[in-house]
Novice: 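Quick one: structure below, then a few questions.
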Amino acid sequence: MEAGPDPTVVLHACLGVGHLIPMVELAKLLLRRGLAVVIAVPTPPASTADFFSSSAPVVDRMAAANPSISFHHLPPPEYPDPDPDAFLQMLDTMRLTVPPLHAFLRSLPSVAALVLDLFCVDALDAATAAGVPAYFYYTSSAGDLAAFLHLPHHFATTEGSLKDMGKAPLRFPGVPPIPASDMPHTVLDRAGRTCATRLGHYGRIPEARGILINSYEWLEARSVRALREGACIPDRPTPPVYCIGPLMVKGEAAANGERHACLSWLDAQPERSVVFLCFGSLGAVSVKQLKEIARGLENSGHRFLWVVRSPPQDPAKFFLPRSEPDLGMLLPEGFMERTRDMGMVVTSWAPQVEVLRHAATAAFVTHCGWNSVLETASAGVPMLCWPQYAEQRMNKVLVVDGIQLGMVMDGYDEELVKAEEVEKKVRLVMESEEGKKLRDRLTMAKEMAAEALADGGPSSLAFTEFLKDLNIGNTTKDQA
C-alpha cells in the first residue's frame, strides 16, 4: 500500500503586519521540522476596502520574501452592510471567513492541526466541523494572555466599567497590577458591543487543544506559571501552554539587496551611543508631538536615529496608508541642520532588527508592540516605553513593572509627552546608574533568549512537546 499524504498544519491569521509576521516565523519553524504548512489568509470583502486597503500588498510582500511557504487566499465572504466600527468590521470579516476556511480544511487530504490567531476565535467552529484539532498561537505576551483569560471571570464577579475606574489597579493572576486605564479600549466599556464581543472570544479560548505563546519562560516566568496552574481560568481547565519564542524576523538585507543608509550611519557612531525611536508599522504621533520629541532629543545632547511617519489625517483611521512625511513641515525650523552631527531622521521605515542589534544602539523608544519587545530583549537594548493602542499599554506595565527591562515615558496617556520628559528619560537611560542596571538586566535577557531557542532549550523542547501532542513528533526532525 502507498503511504498516505503527509499531514498539513494550517495557520490562520487576521490581516495585519503584527499578526502575519509571527505566523510566517511559526511556518518557518514547522518547515524546519519537516512538516507541510500553509497559511490561510482571508480575502477582505469589497465593501471593507478602506480598512483592509493595505493588506494585499503586505501579504504579497511576505509571500515573495518566503517562497518556501504556501499562502492560500480564502475567497471573500459577502458583507453587504459593514459595521461602521473598524475593529468590529475586522472581527466580522474573520467570522464570515469561517465557511470558506472549513471548505479549505475539508479539501486537504490530511490536516494535523489548525493554528489560529487570537482574532480568529470563530474559526474554532471550522476546526470542529472538519474534525481537526485547533490551537491558538498567541503572538503577544503571556502576561497579556493571563489577564485576558481572567477577564470574563473579573466581569462576572464585579460591577461597573473599566472606563470609570481611572488608574485604579486591576489584579490578575500572574501579572503586576494593571491600571484600568491601561487596558485596551475594546474592553473599557462593559455595555459596549466591542467589549461583549471580546469577552466572548476570551471565553472560547479554553476550547482549544493548546496555546502556543510567542515568548520564553525566563522572560515571563510568573505569568507562565499562573497559566499552567490554571489560576487565570478559575471555572474550567486551561489548555496546555507552550512557550516557543522568541520567534521573530532574523533581520535581512533590503529587498533590493542594498544596505539601508541608517546602518552605515550607525557604523560611524561610538558603541552604545544612539537612542533609536520608532513607533511600529502603524504608529504615528501628531505634528505637535513630533516637535516636542525633536526639542527633547536636541536638548538631551545624545545621538539619535528617529523614524518619522506622517500623522494620519483621521486618528481613527491610523491603519490607512499615509503619504511620505515632509520633514520640513513636521519638525521644528532648523532642527535638521542643528542636529546634523548628532542625529539621523529616517522617513517611514528602518530595518528595526538590524538597528537594535547594532553595537551603536543604546536604547529604544518604543510603542511596546510585542514583536518589538521581543526584538529589543533579544538584542539586549533597554526600552523607553511609549504605548499607543491595542494591548501596548499592558505591555508597558509588563516591561516596566514585571520583567523590568525599561522605563516609561510619562505623559503617554495625556495629550502630549513634553520635550522635558523626552530629554529627562533619554538622559536617565543613557547616563544614570539606573540605566546601567537596565543594561545589565538586558544582557541577561539577551542570553536567555538565545538559550531558549537553542537545541535542548526551553522553547525548543516546548515546540517538540507540541508536535508530540499532534502525534507527529516522532516522525519529524529539525532540518535547520
Side-chain angles (χ1 to χ4, degrees), residues 10-20 23 38-63 70-108 111 114-130 132 134 136-137 139 184-205 207-208 281-282 312-322 389-391:
V10 178
L11 311 181
H12 182 48
C14 71
L15 295 171
V17 175
H19 294 263
L20 285 170
M23 278 293 184
V38 59
I39 300 178
V41 295
T43 302
S47 56
T48 62
D50 277 354
F51 183 75
F52 291 104
S53 60
S54 61
S55 62
V58 169
V59 176
D60 291 343
R61 285 197 303 271
M62 290 188 176
S70 297
F71 287 79
H72 176 77
H73 293 265
L74 299 166
E78 294 185 7
Y79 193 12
D81 189 19
D83 196 292
D85 182 284
F87 183 74
L88 289 175
Q89 187 181 119
M90 184 270 288
L91 296 181
D92 280 348
T93 296
M94 302 313 302
R95 175 178 54 81
L96 294 168
T97 299
V98 170
L101 176 64
H102 173 229
F104 175 61
L105 294 174
R106 293 291 299 269
S107 73
L108 297 173
V111 181
L114 174 65
V115 181
L116 303 172
D117 181 270
L118 180 65
F119 288 136
C120 303
V121 172
D122 292 308
L124 287 167
D125 297 333
T128 300
V132 173
F136 281 104
Y137 178 35
T139 56
H185 77 278
T186 54
V187 298
L188 292 180
D189 183 2
R190 180 192 286 260
R193 292 183 301 134
T194 305
C195 184
T197 301
R198 296 308 287 142
L199 289 176
H201 284 179
Y202 301 142
R204 291 198 67 184
I205 291 176
E207 296 177 28
S281 57
L282 296 177
Q313 293 183 346
D314 181 353
K317 295 184 177 182
F318 61 89
F319 47 82
L320 292 179
R322 285 168 242 153
Y389 56 89
E391 83 286 3

Novice: Mind checking whether D125 and R204 have side chains closer than 4.5 Å, heavy atoms only?
Specialist: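 They are in contact (side-chain heavy atoms under 4.5 Å apart), so the answer is yes.
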
Novice: Atom CG in D60, atom NE2 in H73: separation rounded to 0.5 Å?
Specialist: 6.0 Å

Novice: I would like to know whether H201 and D122 meet side chain to side chain contact (heavy atoms under 4.5 Å, CB included); could you show each step before the answer?
Specialist: CA-CA 8 Å; H201 284 179; D122 292 308; 3.8 Å; yes

Novice: At what distance, to the nearest 0.5 angstrom, does CG of L96 lie from CG of L74?
Specialist: 12.5 Å

Novice: State the CG-CD distance between L124 and E207, to the nearest 0.5 angstrom.
Specialist: 5.5 Å

Novice: Kindly assign one of parallel, tilted or perpendicular to the pair H72 and F104, based on the angle between their ring planes and the thresholds 30° and 60°.
Specialist: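 It falls in the parallel class, under 30°.
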
Novice: For T194 and L88, what are the C-alpha separation, side-chain angles and deciding distance, and is it a side chain to side chain contact (heavy atoms under 4.5 Å, CB included)?
Specialist: CA-CA 7 Å; T194 305; L88 289 175; 3.7 Å; yes

Novice: Taking 4.0 angstrom as the limit, do D83 and R193 come out as a salt bridge?
Specialist: yes

Novice: Once you round to the nearest 0.5 Å, how far does SG of C120 lie from CE of M23?
Specialist: 6.5 Å

Novice: Using side-chain contact (heavy atoms from CB on, under 4.5 Å) as the criterion, point out the one residue from T97, V98, V38 that pairs with H12.
Specialist: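 Among T97, V98, V38, the one that satisfies the side-chain contact (heavy atoms from CB on, under 4.5 Å) with H12 is T97.
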
Novice: Rounded to the nearest 0.5 Å, what separation is found between the CE atom of M94 and the CG atom of L118?
Specialist: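 Here the interatomic distance stands at 11.0 Å.
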
Novice: Are any non-hydrogen side-chain atoms of F87 and T197 less than 4.5 angstrom apart?
Specialist: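 Not in contact.
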
Novice: Does some side-chain heavy atom of V10 sit less than 4.5 Å from a side-chain heavy atom of V132?
Specialist: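 Result no, sub-4.5 Å side-chain heavy-atom pair not found.
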
Novice: Report the C-alpha separation of V121 and F136 in whole Å, then their side-chain angles, then the decisive distance to 0.1 Å, and conclude whether the side chain to side chain contact (heavy atoms under 4.5 Å, CB included) test is met.
Specialist: CA-CA 8 Å; V121 172; F136 281 104; 3.9 Å; yes

Novice: What's the spacing between D92 CG and T48 OG1 if we round to 0.5 Å?
Specialist: 10.0 Å

Novice: Please walk me through it: do L11 and Y137 pass side chain to side chain contact (heavy atoms under 4.5 Å, CB included)?
Specialist: CA-CA 9 Å; L11 311 181; Y137 178 35; over 6 Å; no

